[in-house]
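Take a look at the structure set out below.
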Amino acid sequence: MSFTIAIDGPAAAGKGTISKAVAAHFGVGHLDTGLLYRAVGKRMLDGVEPIEAALALVAEDLEAEGLRTADVAQAASKVAAIPEVRSALVDFQRAYARRAGGAVLDGRDIGTVICPEAEAKLFVTASAEVRARRRYAELYAGGAETDYETVLADTKERDHRDATRSDAPLRPAEDAVILDTSTLDIDAAVAQAIAVVAAKRKDGDTA
Ligand code: CDP
Ligand code: CDP
């Protein structure tokens, strides 16, 4: 049986952390689709043409170091606005989504474009200020030299680009459950996400 869990939302909303916990709880695989765009963005910074980079992407590229930097995040959101880059990455994501046993995919367009038929959809969000604080804390802990104001500006710029592009813009699917984590700690956010998915799995059993 396959069971797809789509988790979308803006930068640093908590998608990755929640997705990992949900995947572990239900014993299914997890694909962080942001890494696909980050890998293409990093190649672009290295001088490779983005569509070529997307067509040549292999799973090992996602293990590469250095995908979690602020520069790569910005490059990712630029290449993510190119329709040919997006279409080159569709089959890989859909195949992952339908793997036996089930899968969690997190990104921007999983519930709207990649897996509109996903059995469970969550849209994880939080205010830009809260998200920028979280991302700043992560970057600071990782030794990056930056400040909160820069991270906030970067976050807003990326949100704007992601939400206004013509192809697969960031927006909640109509049937997504919205999870605003602005005032939730990560444990509470994970518990709510698990409850949403558990209810959908139960529906499936009785359908
Ligand atoms: O994947 P995404 O960019 O949406 O976010 P993430 O990497 O899961 O979370 C960004 C940071 O915010 C991590 O350090 C999380 O632990 C933290 N976080 C939090 O403190 N409280 C939440 N409710 C959600 C995330
Ligand atoms: O972790 P964070 O939320 O900061 O970013 P990410 O999920 O790694 O995504 C990096 C960039 O890739 C985003 O700003 C989007 O432009 C793009 N992306 C996308 O367009 N579609 C996806 N399914 C995932 C990421």
Side-chain angles (χ1 to χ4, degrees), residues 5-25 30-48 50 53 57 59-81 85 89 104-110 122-165 169-172 178-194:
I5 302 163
I7 302 190
D8 292 304
K15 304 179 298 296
T17 315
I18 291 169
S19 296
K20 276 195 200 77
V22 167
H25 182 89
H30 167 222
L31 178 65
D32 174 352
T33 67
L35 286 181
L36 299 166
Y37 296 91
R38 284 175 183 258
V40 175
K42 187 158 185 277
R43 290 282 179 81
M44 179 182 76
L45 295 176
D46 293 340
V48 181
L57 204 67
E60 291 73 51
D61 293 340
L62 308 184
E63 312 292 329
E65 297 285 308
L67 295 181
R68 300 273 181 204
T69 70
D71 287 351
V72 169
Q74 283 295 348
S77 100
K78 287 179 187 158
V79 301
V85 166
L89 303 176
V104 180
L105 279 77
D106 80 284
R108 300 291 183 289
D109 63 337
I110 307 304
L122 277 159
F123 190 86
V124 184
T125 189
S127 72
E129 288 72 18
V130 166
R131 291 185 288 112
R133 272 209 190 286
R134 290 174 184 163
R135 188 47 50 85
Y136 171 66
E138 278 183 325
L139 291 168
Y140 183 81
E145 286 192 18
T146 186
D147 55 68
Y148 167 74
E149 292 302 333
T150 305
V151 176
L152 178 62
D154 270 7
T155 303
K156 287 183 172 170
E157 184 186 337
R158 198 143 62 87
D159 285 353
H160 180 74
R161 197 184 293 119
D162 290 351
T164 56
R165 68 184 174 219
L170 170 67
R171 62 174 177 80
I178 311 281
L179 183 57
D180 188 328
T181 70
S182 299
T183 59
L184 292 180
D185 68 20
I186 193 65
D187 290 345
V190 165
Q192 290 201 12
I194 288 174

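Note that CG of D185 is 10.0 Å distant from OG1 of T181, once rounded to the nearest 0.5 Å. Here D187 contributes atom CG and Q192 contributes atom CD; the two are 12.0 Å apart, rounded to the nearest 0.5 Å. To the nearest 0.5 Å, atom CZ of residue R135 and atom OG1 of residue T146 are 12.0 Å apart. Distance check, rounded to the nearest 0.5 Å: CG of L67 to NZ of K42 gives 6.0 Å. How far CD1 of I18 is from CD1 of I7: 6.5 Å, rounded to the nearest 0.5 Å. The NE2 atom of H30 lies 10.5 Å from the CD1 atom of I5; values are rounded to the nearest 0.5 Å.
When atom types are taken as modelled, the side chain of S182 and the backbone of S127 share a donor-acceptor pair closer than 3.5 angstrom. Checked by atom type and distance alone, the side chain of R43 never pairs as donor or acceptor with a backbone atom of V48 at under 3.5 Å. Using a distance-only test at 3.5 Å, with no hydrogens or angles considered, a donor-acceptor pair links the side chain of R131 to the main chain of A11.
Pairing each heavy atom of P169 with each of A163, the nearest pair is CB-O, 3.5 Å. In this structure, P172 and I178 approach most closely via the heavy-atom pair CB-CD1, 3.8 Å. When all heavy atoms of I110 and A6 are compared, the closest pair comes out as CG2-CB, 3.5 Å. Across all non-hydrogen atoms, the minimal contact from F123 to R171 is CE1-C, 3.7 Å. Of all non-hydrogen atoms in K15 and G107, the two that sit nearest each other are CD-O, 3.4 Å. In terms of heavy atoms, V190 sits closest to A21 at CG1-CB, 3.6 Å.
No side-chain heavy atom of D162 sits under 4.5 Å from any side-chain heavy atom of P10. Proximity of R165 to K78: side-chain heavy atoms (C-beta onward) are nowhere separated by under 4.5 Å. Side-chain atoms of L62 and L36, non-hydrogen and from C-beta on, do get closer than 4.5 Å to each other. Within the 4.5 Å cutoff, the side chain of L184 has heavy atoms near those of the L179 side chain. Residues R68 and L35 form a side-chain contact, since some pair of their non-hydrogen atoms from C-beta on lies under 4.5 Å apart.
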I194 vs V22, side chain to side chain contact (heavy atoms under 4.5 Å, CB included): CA-CA, chis, key distance, verdict: CA-CA 6 Å; I194 288 174; V22 167; 4.1 Å; yes

Please report the C-alpha distance between L57 and Y37 in whole Å, then the side-chain angles of each, then the deciding distance to 0.1 Å, and finally whether the side chain to side chain contact (heavy atoms under 4.5 Å, CB included) criterion is met. CA-CA 10 Å; L57 204 67; Y37 296 91; over 6 Å; no

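Counted by atom type alone, R134 and T17 present zero donor-acceptor pairs between their side chains at under 3.5 Å. The closest side-chain donor-acceptor pair between T69 and D71, if any, does not fall under 3.5 angstrom. Side-chain contact annotation: R161 with S77, donor-acceptor N/O pair under 3.5 Å present.
Y140 meets the ring-ring contact (aromatic ring centres under 6.0 Å, His included) test with Y136; sequence neighbours excluded. Applying the salt bridge (charged side-chain N to carboxylate O under 4.0 Å, His left out) rule to D109 yields the partners R86; only residues at least two apart in sequence or on another chain are considered.
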